Structures are given as structure tokens and as C-alpha cells.
Amino acid sequence: VEINEWAAAGTRIGLAFQIIDDVLDFTGDPRRCGKTLGTDFATAKPTLPVLIALSCESAAGRERWQSALRDSCVELGEVRRWLIGTGALDQARNEARRRVDEAAEISRRYDNRAARAFEELGQFLLARRH
């Protein structure tokens with residue numbers, strides 16, 4: 001049982017990491033991130049922020065954005081403004097926070113250094129800016 005719980009907590013931390021990474025692909029500082037921003041966007045990889053933003057659009061808006069994203073005919077700055085305007089970046093961060101909270105709830109069942117380190121890792125991920 002304990003192994004399954006830690007696996008579930010690890011999965012949640014991994015998802016939180018990926019969500020924050022997806023957010024940083026639009027908002028990070030490329031010098032601090034050590035990578036070119038917008039790579040997921042440039043390769044039309046569906047990320048949570050984009051999926052959230054698309055869900056906020058009307059059918060016509062979704063089609064317009066899906067076409068623009070698919071054809072890469074829109075600049076990263078415009079996509080960033082769209083994601084901010086729809087609240088998608090904040091919603092994605094909230095989803096990452098929810099996953100970290102779920103992992104922390106599992107780890108709190110064990111009163112040891114590993115559990116405390118696991119919680120600290122989750123908080124580090126949420127505070128990550130690069």
C-alpha cells in the first residue's frame with residue numbers, strides 16, 4: 001500500500017512539474033530557463049495552458065486559434081497575451097498547485113524526512129520561475 005501511495009504522490013508531483021514547465025514555456029526568461037521559449041507552441045504541442053485558453057473561446061475563436069497555432073502564423077507574444085487574457089496561465093498554475101497539494105496530503109501520512117523533503121519539492125516546483 002505504501003509503495004502505491006508514494007507512486008501516486010510521485011505522479012502528481014510529475015504532473016505539477018510538467019504543468020509549470022508548460023507555463024514557463026510562455027512566461028519564463030530564456031536566459032534563466034536555459035532554453036528557447038515557445039518550443040511547445042512552435043511544434044504545435046498541446047499544453048494545458050493552450051487547452052484551457054481554447055476552452056474559453058467560442059467555436060469561431062477556437063477554430064481561429066487552432067488554425068493560427070497549427071500554422072504557426074502567430075507570434076509568441078500574441079499567444080502570451082491571449083493566455084493571460086483568458087486566465088489560462090493562472091488556471092494552469094492552480095492546477096499544478098492542486099496536484100502538489102494532493103501529493104502533500106499523501107506524504108503527510110508518513111512522518112519522516114522523505115515526506116518532508118517531498119513536500120518541499122512540491123513547494124519548490126510551484127515557486128519555480130525558470
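Because the structure is predicted, anything quoted here is derived from the model rather than measured. Reckoned from all heavy atoms, side chains included, excluding hydrogens, waters and symmetry mates.
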> Is it the case that one hydrophobic cluster holds both Leu89 and Leu54, taking links as side-chain heavy atoms less than 4.5 Å apart, direct or via other members?
Replying inline: yes
>> Quick check: closest heavy atoms across Pro49 and Ala92, and the distance to 0.1 Å?
In response: CG-CB, 4.0 Å
>> If I compare all heavy atoms of Ala103 with all of Ala9, which pair ends up nearest, and what's the gap?
In response: CB-O, 3.6 Å
>> Can you pull out every side-chain hydrogen bond (donor to acceptor under 3.5 Å, both in side chains) where at least one residue sits in residues 77-93? Sequence neighbours excluded, please.
In response: Glu57-Trp82
> Is there a chain of hydrophobic side chains (I, L, V, M, F, W, Y, each step under 4.5 Å between heavy atoms) that links Leu126 to Phe17?
Replying inline: yes
> So Arg97 and Val100, side-chain contact (heavy atoms from CB on, under 4.5 Å) or not? Walk me through it.
Replying inline: CA-CA 5 Å; Arg97 184 173 297 105; Val100 165; 5.7 Å; no
>> Quick check: closest heavy atoms across Leu51 and Pro46, and the distance to 0.1 Å?
In response: CD2-CB, 4.2 Å
>> For Arg113, is the CZ atom crowded, meaning more than 12 foreign heavy atoms sit under 6.0 Å from it?
In response: no
> Just wondering, do Gln18 and Asp21 contact through their side chains at under 4.5 Å, heavy atoms?
Replying inline: yes
> Would Glu120 and Arg116 count as a salt bridge (charged side-chain N to carboxylate O under 4.0 Å, His left out) if you check the C-alpha gap in whole Å, the side-chain angles of each, and the deciding distance to 0.1 Å?
Replying inline: CA-CA 6 Å; Glu120 288 175 14; Arg116 288 185 293 281; over 6 Å; no
> In terms of hydrophobic clusters joined by side-chain contacts under 4.5 Å, are Val50 and Leu76 together?
Replying inline: yes
>> Could you see if Leu48 belongs to whatever hydrophobic cluster contains Ile13? Use Ile, Leu, Val, Met, Phe, Trp, Tyr and a side-chain cutoff under 4.5 Å.
In response: no
>> If hydrophobic clusters are built by linking Ile, Leu, Val, Met, Phe, Trp and Tyr wherever their side-chain heavy atoms come under 4.5 Å apart, do Val74 and Leu83 end up in the same one?
In response: yes
>> Any heavy-atom pair between the side chains of Ile84 and Phe26 that's under 4.5 Å?
In response: no
>> Looking at Asp40, is its backbone amide N or carbonyl O close enough to the side chain of Asp25 to form a donor-acceptor pair, meaning the two atoms are under 3.5 Å apart?
In response: yes
> Tell me, which pairs form a side-chain hydrogen bond (donor to acceptor under 3.5 Å, both in side chains) where one or both residues lie in residues 3-12, sequence neighbours left out?
Replying inline: Glu5-Arg109, Glu5-Tyr110, Arg12-Glu102
> Should we count CG of Asn112 as having more than 12 external heavy atoms under 6.0 Å?
Replying inline: yes
> Measuring from Ile19:CD1 to Leu24:CG, what's the distance to the nearest 0.5 Å?
Replying inline: 12.0 Å
>> So which atom in Ser107 and which in Ala115 form the shortest heavy-atom distance, rounded to 0.1 Å?
In response: O-CB, 3.2 Å
> Are any non-hydrogen side-chain atoms of Asn94 and Arg98 less than 4.5 angstrom apart?
Replying inline: no
